[in-house]
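The figures that follow rest on heavy atoms only: side chains count, while hydrogens, waters and symmetry mates do not.
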Amino acid sequence: MAGATDSSWDEKSTLSDSSGKASATTPLLSSASSANIDVPTHTDEFSNLPPEDAKILREQVSIPSVKTHLFSVFRYATPCDRMLVGLAFVLAIMEGAVKALMPLVFGAITETFTNYFREDNSTYFRYNNSTVYNSTFYNSTSYNSTYSLDEFEYISPDDFQRRVNYLALFFVYLGIADFALSYSATFLFIDRGEVLSSRIKENYLAAILRQNIGYFDKLGSGEITTRISSDTILIQEGMSEKLGYITENISTLVAAFVVGFSLNYKLTLMMMSIAIFIGVAFIYTSGRMTRYFTLALNGSSAGGSVAEEVLSSIRNVHAFQMQDRLAEKYSVYLDISEHWALRAGIAVGAVTGIMWLGVYSDDALGFWQGAHLLARNEITVGQIITVLAAMVEGTFAITNITPHIRSITTGMAAANKIFTTIDRVSAIDTYSTAGRKLQTLKGDIELRHVRFIYPSRPTVTVLPDYSLKIPAGKTVALVGASGSGKSTIVGLLERFYAPLAGQVLVDGVDITELNIKWLRQQIALVSQEPTLFGCSIFENVAHGLIGTKYENASETEKRELVIEACKQANAMVFIDTLPEGLSTNVGERGFLLSGGQKQRIAIARAIVGNPRILLLDEATSALDTKSEGVVQDALDRASKNRTTIVIAHRLSTIKDADNIVVMRRGEIMEQGTHDELIAKRGEYYELVKAQTIEAAEEKAKAERVTTYTENDDEMAMDEKAVAMDDLAHVKTANTLAPINTSTSVFAGEIEEQARKYTALELIQFMLTLSKEENRLNLLGAIFSSIQGLGYPSLGLFYGRCVQAFQAIPDYDYMLREINVFAGLFFMLASVELIASICALGIFAYAGQKLVRRIRIGTFKQIMRQDIAFFDRDENSTGALTATLARDAQAVEGLSGATFGQIMNSIMIVISSMILSLIVAWQLALVCGACVPILIGSGFYRFYVLTMFQEQAKQSHRVSATYACEATSAIKTVVSLTRESDVMDHYHSTLDGQVRKSRKQSNASAFLYGVAQGMIYLIMALAFWFGSQFLRTREYSIFQFYVTFMSVVYGAQAAGIIFSFAPDMGKAYHATANVKALYDLQPQIDIWSNEGDIPQDVQGNIEFRDVRFRYPTRMQVPVLRGLNLSVKKGQYVALVGSSGCGKSTTIGLIESFYRPQAGQVLLDGHDISKFNVNAYRSHIALVQQEPILYSGSIRENIQLGALTPVTDEQIIAVCKQANIHDFVMSLPDGYDTLCGSKGTLLSGGQKQRIAIARALIRDPKVLLLDEATSALDNESEKVVQAALDAAAKGRTTIAVAHRLSSIQKADIIYVFEDGVVVEAGDHKELMAKKGRYYELVKLQALEKNA
């Protein structure tokens, strides 16, 4: 049984409500039991086992909880990093202090203004005894001296101007300081954030690679991809410039209190009560936000695993039209994520509303109590304004923290998940340096009383008490039914798992005492489903040299070894036909090669390092008969002088083994040599008998040598001829029929198209996507507009309060005026509270609906693309999964709290400019002229960041794809001890990305600094220019302050918009990508209603002169004028060497591709004219590598049906596929989880479920692409009989290497170089003694037919 991964997510138990949809009807604050809506967690599955057994199993899968805090993300900082980050913190603190110094200058200037205007007021009171105090005297002549009038100072106009000019210069100094500090701090935070997040990525991948295999039983590779591509970006945002913004604002808050207490502790203490209230509310709400975001991330990560599982098996998804059903499964986890993210967004709205309440309450309390203190001569006007401005600045600091705190809390939530993995102590640590390294290794292997249970299935004992001795240098074959424990032996030898009892010994030493990496370097493994990596053939084979003396040899020396290994594995024959030879890239998971070609490269990789122990787990299962004979001969030679364990279903590969061990249910039934076991006529004899074909062993043995030589030479000549033909067509490939739509428009073109969209087009696209919430968005915009009107109101109320100070010494009038406007300030605070909660709550709801719609829409759109789309390197599973996680999340950067803040800021700027132009147009025009400079620098920063995002996307995609590839093939990586090699490559990829981003980070920080410093320069200009009008009494204090507060604070609001520039840049680019994908029309479109509906389908299939080349390799012809005919109800077999076009034929019948020339016909009609869904509904496919999905066995079988099916139907097809008895033997029966990609089941068990899934749709045409290759002989016999029965009444086309499975076929087509060279039934072809006869001879095994 192949133990691998169990999906952690059981969608049946995902939601507690009966609907199964967490937020399908979720209002802003649903009363649905939010505590129960979560990603499901597992209970203790080991509680029924003995304590010692439970401990061993629990260690292999348990994931301990880890507590993270703000500075946890800096754990990988070097001393230099700490110094730079520390410097960044110091600079940010200084920048915050600069902002707190501004109130001192502001208060001093305000007192100068009130003192200057008070002279007129006092004179008016003395001579007129009137309460009218706002008269102005434009023609006074007593301006030449400064003297005391009553108890107040008289200031001449010239002295007034000198004082204002002097104080205005301090604003210039503050502006220069703020520019330098904010630029330096922001750059350091961004740069170190990029560097340190890259280290977190590296350490996370390194931690993943060191985990024992049992850990992956609870984790899908899609979740790993989501963590490494999406969650690490969240961490980076939480430790980059946004952390700087928060630090700066905290510094401002503290410094503001210092300024306040130093001037007047009474007023500061009174106003401090509001800050404490805000702080308490902030701490409570941010805690809720962190929890909600963590739960939302759990949902999206689980959804990532589903997406990765689906996209990695896209051919199967298309063949069975599973798109909508799998999208529903993905949607379940989006519901969870949406549910919790919505609550997090509402929490953000609540805390923001409380912040605004605090800001305006500060003004109310400051003016109200300050006026009373002034009336008692306990404070001056300048001190009131300074303390008030400092407290408001401090409260604003808290307000500015709010939008960015989400990044910190989300980053901490993401860090918790990642550090949980990093800190997990692996039960079998591949990086451990402990353990012995034997000087010489003979290769004696012994399993002594081994008892074993897979951690992912604690209820099933795989090996109850297993003992076996394998002498050094001998070849031992393990045979038996699927699930008998054969592959488990390999897993224990490789130390993938730990046994519960007993010992596994190598040269008499318990392998737990040996260094694990050294042990694995002595062992070479070729698994049943060969895994190659997305690099060249040379690099793939050279991976087998890791840990040998040739690991660091020159490339020339390595190349010689690789060539020799490829020759031994019979791989050079086809490699020489490739235009780039050994340098040919094999594509993700080797998809550009046929199964047999991949297997031969995997064998070459295994033998290139000359290992002492060779493990062959169905090593030749994917090879055709011709290749198998050659490769088996190579393996026989490779097995000499080394210990070899062979797991085989095809018994022709192990008849020469020194010892054959027959297993059943984890026990040894019999063992001996081939002849001994045949003589016993026991279980082995029955297995052999099932594989017998017409020839006698003596005859096959006598002719095998000459046949092998002739066939090998003939094959080499044929494939070299193919190569010459391929090369001849390279230059004329573009003369073929054009392939438009998604066959030629791939990710590169998507990006190119994305760059062509204008901002208006993207806005229209987003409005279309969110049309269901547009009314809500409009309502949210109205509330945001109300919220944005707060600043103009602030200017009006503030101007009247400052003007009231002119009434001194009439304190009664001053107090009456200020009491009125303090009340209005509090009313404004209440309105802002309600508007903020409503606006951000509505935007959060609409934003989460949009994000969910984008995620599910993007997922469906990706699944919609035809198969040619997925053949491209840039559209790998890892890249597409990362795109799903990243783009929707980036679009969210313009929704919720961020979008609310942007709408608010836009309204502030517009309304403030309108009001200021009405009140004091000259001052408004001069100050307003500076605002475009501020906005321009922000826009340019936005542009720089957008360009940077475009460049960074490619780097992120490459690194995410690489990490996904490594983790999805974890067994191959660790068995090759490739951990260091993988990490070196990953490090170089990330390092290049960091270097490229530094220039853009510098430009972005510079422009941010300009925007920050510009605010103080605008203030300096406003006070200097405004004082010219105040000096001549052309403007009153009221007019000045209304304009000043509106324009200057409006400019600050514009600056706040562009602190979100990174989010806006990401959102812009992500939206363009989403639109480009939505606009992509596949050639073979499953969404199209066009095309004829097949009527009364009989099942006649015909190929007429079909010529085909894969779109990704147009220089290589695959089918060269294929002609074949399959009549209704016939059982037709396709045989031939690897790469001859058999599986391509199946792909064309499934309408995965369109031929460049010729026709594929169903019942005489060209299938390209049919509606693709209607056409595929009559076809079922069983692939060479069976594909199941996380979920139960029942759900996997149901995926094959287009309409609901009953349990009776499921049981019937399972009986046909010989899987029913096995399923019923499991504790949970048909509700047993299959695990991610079905890895909780053995290969044979998966294949039989896949066959049942094909039969459940009762197809007219049944396609079997090596459908029985993974079955043991016992199961194959029953399943083949079932398939023979199922074939009656329907057309069946079978691709087969194992000829025993197709000898009853009505017609056998023999393929060679993309054409049919022979056709006929078994007897006719045997009589011809041609190619088919040669293939049969190579599979002859028994003495007599």
Side-chain angles (χ1 to χ4, degrees), residues 2 313 315-317 319-322 481-483 528-529 595 618 621-622 649 690 1131-1134 1143 1146 1149-1150 1176 1178-1189 1191-1202 1205 1209-1224 1226 1230 1232 1234 1237-1238 1240-1298 1300-1302 1304-1305:
S313 60
R315 285 169 172 77
N316 203 57
V317 172
F320 285 93
Q321 299 156 280
M322 299 176 183
S482 295
Q528 182 175 352
E529 297 173 4
E618 285 290 321
S621 63
H649 289 149
Y1131 189 111
V1132 172
L1134 311 180
S1143 294
I1146 297 293
I1149 295 173
E1150 271 285 1
R1176 285 179 181 162
H1178 299 287
I1179 299 174
L1181 171 68
V1182 182
Q1183 293 176 279
Q1184 183 174 351
E1185 297 175 5
I1187 294 165
L1188 301 184
Y1189 301 93
S1192 67
I1193 293 174
R1194 174 185 283 105
E1195 289 162 351
N1196 269 281
I1197 295 172
Q1198 285 172 337
L1199 284 173
L1202 296 172
V1205 292
Q1209 290 174 287
I1210 293 174
I1211 291 170
V1213 294
C1214 286
K1215 286 181 177 178
Q1216 277 186 282
N1218 189 34
I1219 192 68
H1220 175 71
D1221 291 342
F1222 164 74
V1223 173
M1224 296 309 296
L1226 298 171
Y1230 281 92
T1232 301
C1234 299
K1237 299 182 184 175
L1240 290 180
L1241 304 171
S1242 71
Q1245 291 158 356
K1246 286 194 291 183
Q1247 191 65 289
R1248 282 179 279 169
I1249 292 173
I1251 292 169
R1253 180 175 61 201
L1255 296 178
I1256 196 75
R1257 66 199 278 128
D1258 191 23
K1260 294 293 184 181
V1261 179
L1262 183 62
L1263 306 177
L1264 308 174
D1265 191 355
E1266 284 291 321
T1268 60
S1269 65
L1271 301 181
D1272 56 87
N1273 297 300
E1274 187 177 323
S1275 299
E1276 184 196 2
K1277 188 166 54 178
V1278 180
V1279 172
Q1280 192 60 52
L1283 288 174
D1284 290 343
K1288 292 178 181 177
R1290 62 169 58 95
T1291 305
T1292 304
I1293 301 174
V1295 173
H1297 289 147
R1298 197 183 302 183
S1300 60
S1301 64
I1302 52 94
K1304 294 181 182 178

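- In plain terms, the two heavy atoms of Ala1180 and Ala1254 that are nearest each other are CB-O, 3.5 Å.
- Under the side-chain hydrogen bond (donor to acceptor under 3.5 Å, both in side chains) criterion, Ser1143 pairs with Asp1265, sequence neighbours left out.
- No donor-acceptor pair closer than 3.5 Å links the side chain of Gln321 to the backbone N or O of Ala1201.
- Note that CD1 of Ile1179 is 9.5 Å distant from CD1 of Ile1146, once rounded to the nearest 0.5 Å.
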With side chain to side chain contact (heavy atoms under 4.5 Å, CB included) as the criterion, how do His1178 and Val1261 come out once you've worked through the C-alpha distance, each side chain's angles and the decisive distance to 0.1 Å?
CA-CA 6 Å; His1178 299 287; Val1261 179; 5.8 Å; no
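- By the 4.5 Å heavy-atom criterion applied to side chains, Gln1198 and Val1205 are counted as neighbours.
- Closest approach of Arg1290 and Pro1259 over heavy atoms only: NE-O, 2.6 Å.
- Between the side chain of Arg1176 and the main chain of Phe320, no donor-acceptor pair closer than 3.5 Å is present.
- For the atom pair CG of Leu1262 and CG of Leu1255, the computed distance is 6.5 Å after rounding to the nearest 0.5 Å.
- With sequence neighbours excluded, the residues forming a side-chain contact (heavy atoms from CB on, under 4.5 Å) with Ala1252 are Ile1197, Val1213, Cys1214, Ala1217, listed by chain and number.
- Ala1250 approaches Val1182 most closely through the heavy-atom pair O-CG2, 4.0 Å.
- Thr1232 places none of its side-chain heavy atoms less than 4.5 Å from the side chain of Val1223.
- The shortest distance between side-chain heavy atoms of Leu1188 and Arg1253 falls below 4.5 Å.
- Between Leu1264 and Tyr1131 the shortest side-chain heavy-atom distance falls below 4.5 Å.
- In this structure, the side-chain contact (heavy atoms from CB on, under 4.5 Å) partners of Ile1211, at least two apart in sequence or on a different chain, are Lys1215, His1220, Tyr1230.
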Step by step, work out the side chain to side chain contact (heavy atoms under 4.5 Å, CB included) result for Asn316 and Met322.
CA-CA 8 Å; Asn316 203 57; Met322 299 176 183; 3.6 Å; yes
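- Using a distance-only test at 3.5 Å, with no hydrogens or angles considered, a donor-acceptor pair links the side chain of Arg1257 to the main chain of Gly1200.
- Between Tyr1189 and Val317 there is a side-chain heavy-atom pair separated by less than 4.5 Å.
- Rounded to the nearest 0.5 Å, atoms CG (Asn1196) and CD1 (Ile1187) are 11.0 Å apart.
- Summarising the geometry, atom CD1 belonging to Ile1249 is positioned 5.0 Å from atom CG belonging to Leu1241; distances are rounded to the nearest 0.5 Å.
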